[in-house]
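Source: prediction; values computed, not measured.
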Amino acid sequence: MSGTDHQAQDDWGGPQPVMVLVGPQMGENIGAAARGMLNFGLEHMRLVAPRDGWPNPAATATASGAARVLDKVGVFDTTAGAIGDMDYVYATTARPRDMTTRVVTPEQAMGEARALIADGKRVGVLFGAERAGLENADIALANAIVTVPVNPGFASLNLAQCVLLTAYEWRRQSEEGVIEAPEIPQASQIEVEKLYTHFEERLEVAGFFFPETKAASMKLHLRNMLSRMPLTPQDVQIFHGMLRQFVRWKTRG
C-alpha cells in the first residue's frame, strides 16, 4: 500500500513529534511502542514498510489500551516518503557511524524538538527495525543522530524501549511532566523545643543521662538530633504520645 493512500490516516493533531518506525518486524513491538508513546502523551506514529503489513492484530493486542495511536497511524513505502513533510528529523542509533551528522542525547533532542515545534516546525524521530536498527541510507536523511548513553558492552535497545525512552524525555520536559511533591508541613521551633524538653524530662526519670559527667554532652546531641530531623506537627505529637505512654507503662508495672 502506498504512502499516498494512507497518509490521510496520519493526523498531526497537537504540537508534538512523530515517531517513525522504519521496517518494524513484529506487530508486538509496534503495539508496545504505541503503548509507551501514549504513556507520555505522544499519539503520532508512522510506519515504513512494516514486514507483516498493516493493520496487524498482534500490534493491537499488545497496545493494551493505546489503540488510539494505532488507529491513526500513517503507513509509507519509504523513509523519504514518511518524513517528506517534516522540517527536522532525528535518527536513533546506538552504533557510531562514519558520518559528520551532529550527535545528541534523547534529552537534548527532545529539548530541541520542543523549541522547533513551538516555532511551528514539524519534527520526526526515526527508529530502526529490531534486527539491525536504521540503515545508513535512512540515517543520511536525518538532521541529527540521537544516541542513548547505554552500557558500551551491551548497547542493544529493544525498539519499544527506545521509543519509550524518547517519549519519556518529551514528557519530562513539559509542564505536565513535572512531578510536584506535596507540601509537607514542618514543625515550628517552639514545637521541637517542647518535644526536646519532654524527652529530657522522661529520660532523666529513666536514668538515661549516665554517667553524670557525660550528661551535658548527651543532652546537646539529643537537641541537635531533633533539630536536624524534618519533623511535622503530627510527628511531634506522636513522639509526645509515645513518651507519655512509656510513663503510664512504668507506673502500671
Side-chain angles (χ1 to χ4, degrees), residues 16-52 56 58-59 62-66 69-70 73 79 82-83 86 88-117 121-174 176-179:
Q16 57 180 238
V18 175
M19 306 288 105
V20 183
L21 279 52
V22 180
Q25 297 170 307
M26 299 178 61
E28 291 85 351
N29 284 332
I30 298 173
R35 184 176 181 179
M37 287 171 57
L38 194 57
N39 280 152
F40 297 104
L42 294 180
E43 299 187 27
H44 307 312
M45 173 188 285
R46 293 183 180 183
L47 305 177
V48 177
R51 184 191 66 181
D52 298 333
N56 187 316
T62 310
S64 185
V69 176
L70 302 181
V73 74
T79 303
I83 63 175
M86 297 181 187
Y88 203 91
V89 177
Y90 294 93
T92 60
T93 177
R95 302 193 304 274
R97 306 282 181 163
D98 295 328
M99 298 181 182
T100 56
T101 309
R102 190 170 65 96
V103 179
V104 295
T105 65
E107 179 182 12
Q108 291 171 312
M110 290 301 95
E112 294 173 359
R114 283 198 170 277
L116 288 165
I117 290 173
K121 306 296 183 182
R122 291 182 168 183
V123 177
V125 185
L126 299 176
F127 301 88
E130 296 91 326
R131 180 180 59 83
L134 290 170
E135 300 292 336
N136 283 343
D138 294 318
I139 296 174
L141 298 174
N143 302 98
I145 288 175
V146 179
T147 296
V148 180
V150 294
N151 174 12
F154 187 70
S156 176
L157 279 178
N158 174 275
L159 171 59
Q161 290 175 325
C162 195
V163 173
L164 176 71
L165 193 154
T166 305
Y168 162 76
E169 284 295 348
W170 169 264
R171 181 74 173 183
R172 187 180 67 82
Q173 298 184 45
S174 69
E176 294 82 1
V178 176
I179 300 176

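Atoms CG and CG, on Leu21 and Leu134 in that order, are 9.5 Å from each other to the nearest 0.5 Å. The CD atom of Glu43 sits 6.0 Å away from atom CD of Gln16, with the distance rounded to the nearest 0.5 Å. Atom-to-atom distance recorded for Glu169:CD and Leu164:CG is 10.5 Å, nearest 0.5 angstrom. Note: Leu70 CG to Met45 CE = 6.0 Å, rounded to the nearest 0.5 Å. One distance of note links CZ of Arg122 with CG of Leu116; it measures 14.0 Å at 0.5 Å rounding. Between the CD1 atom in Ile145 and the CD1 atom in Ile139 there is a gap of 5.5 Å [rounded to 0.5 Å].
The two residues Ala109 and Val146 come nearest to each other via the heavy atoms CB-CG2, 3.7 Å. Among all heavy-atom pairs drawn from Pro17 and Met110, the shortest one is CG-SD, 4.4 Å. Scanning both residues, Thr92 and Gly128, for their nearest heavy atoms gives OG1-N, 4.5 Å. Ala160 and Ala32 make their closest contact through CB-CB, 3.6 Å (heavy atoms, listed as atom of the first residue, atom of the second, distance).
A donor-acceptor pair under 3.5 Å is formed between the side chain of Arg114 and the backbone N or O of Trp170. Side chain of Thr101 to main chain of Ala144: no donor-acceptor pair is present (N/O by atom type, distance under 3.5 Å, no hydrogens or angles). At least one donor-acceptor pair closer than 3.5 Å links the side chain of Gln173 to the backbone N or O of Glu107.
With 3.5 Å as the limit, one finds a donor-acceptor pair spanning the side chains of Tyr90 and Glu112.
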